[in-house]
Enquirer: 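Can you keep this structure in mind? I'll have questions shortly.
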Amino acid sequence: MFRTKKVWFFLMPGLSLLLLFYVIPFIGGIRYSLQDGSYANLFVGLENYQKLWSNPMFLLGLRNTMELSLICAPLLWILSFLFASGLARVYPRGVFARSSVLLPYLAPSSAIILIWQLVFDFGGPLNRIILAMGGSQVQWLSSSAMRLPIIIMFLWRNLGLCTIIFLSAIRAVPVSLYESAELDGIRPLRRNISITLPMILPSAYLVFILSWINTFRIFREVYFLSGSYPDQAVYTLQHYMNNVYAKLNYQMVTSAAYSFAAIVLVIFGVLFFLQQRASNEINE
Amino acid sequence: MKKQSRHFGSRFLLLLLAVLMMLPIAVTLVYSFFSPEEIRTYMATRNSYTPGSLMEIRLVPEQVSLMQYYRLLITDQTILRFFINSALYAIAIIAGQLLILPMLSYGLSCFRFRGRDLIAFGIVLLMVLPFQVTMVPNVLTLRALNLLNTPWAVILPMLVLPFSAFLLRQYMLNIPRELLEAGQIDSAGVFRCFLQIVLPMSKPVIGTMIALSFAECWNLVEQPLTYLTLRTDLHPLSVVFSQLTENVTGIEFAGASLFILPALFVYLIYQDDIMEGIQVTDIK
């Protein structure tokens, strides 16, 4: 550990960009959400927030965004954990499996949307399977059923990175821990939950946070599939923000952003607290 | 041998999942060798809502054709033009990050000074905040500096990607302190220590950072849509591609393949780094 003032030389470029683009305007922007946006820019207190929280489109976008993240994040977390523990056990060096899951993360959404449009077409492969199993075809891309394709696309894109983070953490767990479990005859699934998971808690927590914040980008897929005004079931907060921003309504954009920031930070605070408590328990 | 047979079920499931994950990319590549006419005829069978009329599942072209690529690269270079935009954004952003982020993370991991943990935690908070929130401070600064509707609007805020800074710092925290102390005894200054010890040791995480930032830059959607509203000519391909392919042109799969190809290369170069580079000890 160095203790010298020279540290500021290293910090300066990054910190000044962070301050300039994020911290200072974040604080400075609060006043926009408290003004009326007229020429005189009168101070109106929380009126903008009141208007925002009674705006049906904002509420719709917020609800959809929160619902989708509530479905997607835990699902992704569980799937990637299972996948990573499977890979670690069966293919300790599995290059193919590892690559095939990570590539989707690198492929641009707009390039891959073509295939999804085919897969979820009314006459496409998914409906073909459903028909073959005795169901009836669903309009995946133009009705409230669109949530399922959106969730599948999300999982497809993000499974890789989460799996890799889990995988590199699982590999660092000492093998000796498993050997005693094997002697005790513990089943693999229980072993994963009671031995692996506590050992890799920081990574598990990071994956959860990452899955969760990536759910806020579901907008992309929805936007490419159905533009700025999609079906009500998939109208996200980003749609609302973009649409009011396009009307140059800075009051509503800022109030929405700060309201959302408050929600996200509170949830993060709770998750952070839970993680700290869990890791303290493990250390004891 | 007993072990082999016991894993058969999981082996099969994992491989099946891996193949399914690859399928969208693989099919895109295959379709790029269909002739444009064939693709047009095939795509025209979409959106038929008569129950029971299913699309064919095509995986083999009538005749392998390079016509899509010919048109894409020679006759109509629109996609190529925006591809170059995308490439320029990616190069500028990654080069900037390489200059700024390792230094920042070095300062935040190998030095001890007041406020260090506060700054590090601030970066984690920033990592959690979604684009819907950070777009507001970004726009405020960009507007004040008159940078909206210039390429800088996309580049500058991305230079301090919090997730990259977080990963770098986590990795550098794991560099053995003895090495740094040995450097100190040799009276190598903090600068030489950075260049000769910390940077070479951080190679895996820097590779990871490049790959993950590339994924980010190659899939820019929200930023250009909000910061470049008046200059659609500056948009990267990640935004434009879906507009260009709205009306079936017959060359979209070659376009998509070309667009995915750099991601493949980046993955191939950095795949080992990604496995080693993500080390998380504690999120604070």
Side-chain angles (χ1 to χ4, degrees), chain A residues 1-4 6-7 10-11 13-14 17-18 20-22 25-26 29 86-87 90 96-97 100-115 121-125 128 137 164-165 168 202-203 205-206 209 213 216 220 224 237-238 241-242 245 253-254 257 260-261 264 268, chain B residues 7 10-11 14 18 21-22 24-25 27-28 46 48-49 51 53-55 57 100-101 103-104 106-107 110-113 126 128-130 132-134 136-138 140-141 156-157 159-160 190 215 218-219 221 225-226 238 241-242 245 252 256 259-260 263 266-267 274-275 278 280-283:
Chain A
M1 285 293 175
F2 301 119
R3 294 162 191 274
T4 149
K6 283 178 191 152
V7 63
F10 293 99
L11 297 179
L17 279 176
L18 281 172
L20 182 62
F21 281 96
Y22 295 90
F26 187 86
L87 278 182
V90 182
F96 174 69
S100 67
V101 288
L102 197 55
L103 272 177
Y105 189 79
L106 294 166
S109 304
S110 56
I112 222 70
I113 212 84
L114 287 168
I115 292 292
D121 191 81
F122 193 67
R128 200 180 263 265
Q137 285 161 283
I164 296 296
I165 298 177
S168 39
S203 296
Y205 175 66
L206 176 70
I209 297 288
I213 57 184
F216 298 132
R220 290 181 184 176
F224 288 138
L237 191 59
Q238 184 73 52
M241 307 270 297
N242 282 9
Y245 176 74
V253 176
T254 47
F260 195 41
V264 170
F268 175 71
Chain B
H7 286 160
S10 355
R11 210 173 263 264
L14 290 174
M21 295 285 290
M22 281 295 250
I25 294 175
V27 173
T28 304
R46 287 185 305 172
S48 140
Y49 290 104
S53 80
L54 295 172
M55 290 180 82
I57 293 179
I100 291 170
L101 292 181
M103 276 170 59
L104 179 70
Y106 175 58
C110 301
F111 290 80
R112 194 164 279 293
F113 60 93
L126 212 53
V128 179
L129 286 180
Q132 289 90 324
V133 174
T134 53
V136 166
N138 284 349
L140 291 177
T141 299
L156 290 175
L159 293 184
V160 277
V190 285
W218 213 234
N219 202 5
V221 180
L225 279 179
T226 27
S238 41
F241 191 74
S242 69
T245 53
E252 51 269 75
F259 197 15
I260 294 172
V266 167
Y267 175 73
I274 297 176
M275 285 309 295
I278 303 180
V280 196
T281 36
D282 193 11
I283 302 182

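Sequence lines set the chain letters: A, B, ... in the order given, protein chains first and strands last, and positions in each chain run from 1.
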Enquirer: Under 4.5 Å heavy-atom distance to chain A, tell me which part of B:F113 shows up: side chain, backbone, both or neither.
Expert: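 The side chain, not the backbone.
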Enquirer: Hey, are the side chains of B:Y267 and A:L103 touching, using non-hydrogen atoms and a 4.5 Å cut-off?
Expert: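 Heavy-atom side-chain distance check passes, below 4.5 Å.
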Enquirer: Check whether B:I274 gets within reach of chain A through its side chain, its backbone, both or neither, counting any heavy atom under 4.5 Å.
Expert: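 Contact with chain A is through both the backbone and side chain of B:I274.
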Enquirer: Taking side chain as everything from C-beta outward and backbone as N, CA, C, O, which of these in B:T226 sits under 4.5 Å from a heavy atom of chain A? Side chain, backbone, both or neither.
Expert: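 For B:T226, heavy atoms of backbone and side chain both lie under 4.5 Å from chain A.
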Enquirer: Would you indicate whether the side-chain heavy atoms of B:P130 and A:I213 approach each other to under 4.5 Å?
Expert: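 Side-chain contact under 4.5 Å: no.
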Enquirer: For B:S242 and A:S110, indicate whether the former's side chain and the latter's backbone hold a donor-acceptor pair under 3.5 Å.
Expert: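 Flag not set: sc B:S242 to bb A:S110 has no pair under 3.5 Å.
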Enquirer: Can you tell me which portion of A:I112 sits under 4.5 Å from chain B's heavy atoms? Options are side chain, backbone, both or neither.
Expert: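 The side chain, not the backbone.
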Enquirer: Which answer fits A:L102, side chain, backbone, both or neither, if we ask what part of it has an atom under 4.5 Å from a heavy atom of chain B?
Expert: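 For A:L102, side-chain heavy atoms alone lie under 4.5 Å from chain B.
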Enquirer: Using the side-chain contact (heavy atoms from CB on, under 4.5 Å) rule, pick out the option among B:L104, B:T141, B:L159 that qualifies with A:L17.
Expert: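 Considering B:L104, B:T141, B:L159, a side-chain contact (heavy atoms from CB on, under 4.5 Å) with A:L17 is found only for B:L159.
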Enquirer: Is B:V27 close to chain A through its backbone or its side chain, or both, or neither, when contacts mean heavy atoms under 4.5 Å?
Expert: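 Both backbone and side chain.
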Enquirer: Could you have a look at A:V264, A:N242, A:I113 and say which one has the most heavy-atom pairs with chain B under 4.5 angstrom?
Expert: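 If we count pairs closer than 4.5 Å to chain B, A:V264 comes out on top.
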Enquirer: Output all residues satisfying ring pair (Phe, Tyr, Trp, His ring centres under 6.0 Å) with A:F122, sequence neighbours left out; order by chain, then residue number.
Expert: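 With neighbours one apart ignored, the set is B:Y49.
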Enquirer: Select one option (side chain, backbone, both, neither) describing which atoms of B:L101 are under 4.5 Å from chain A's heavy atoms.
Expert: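 For B:L101, neither part sits under 4.5 Å from chain A.
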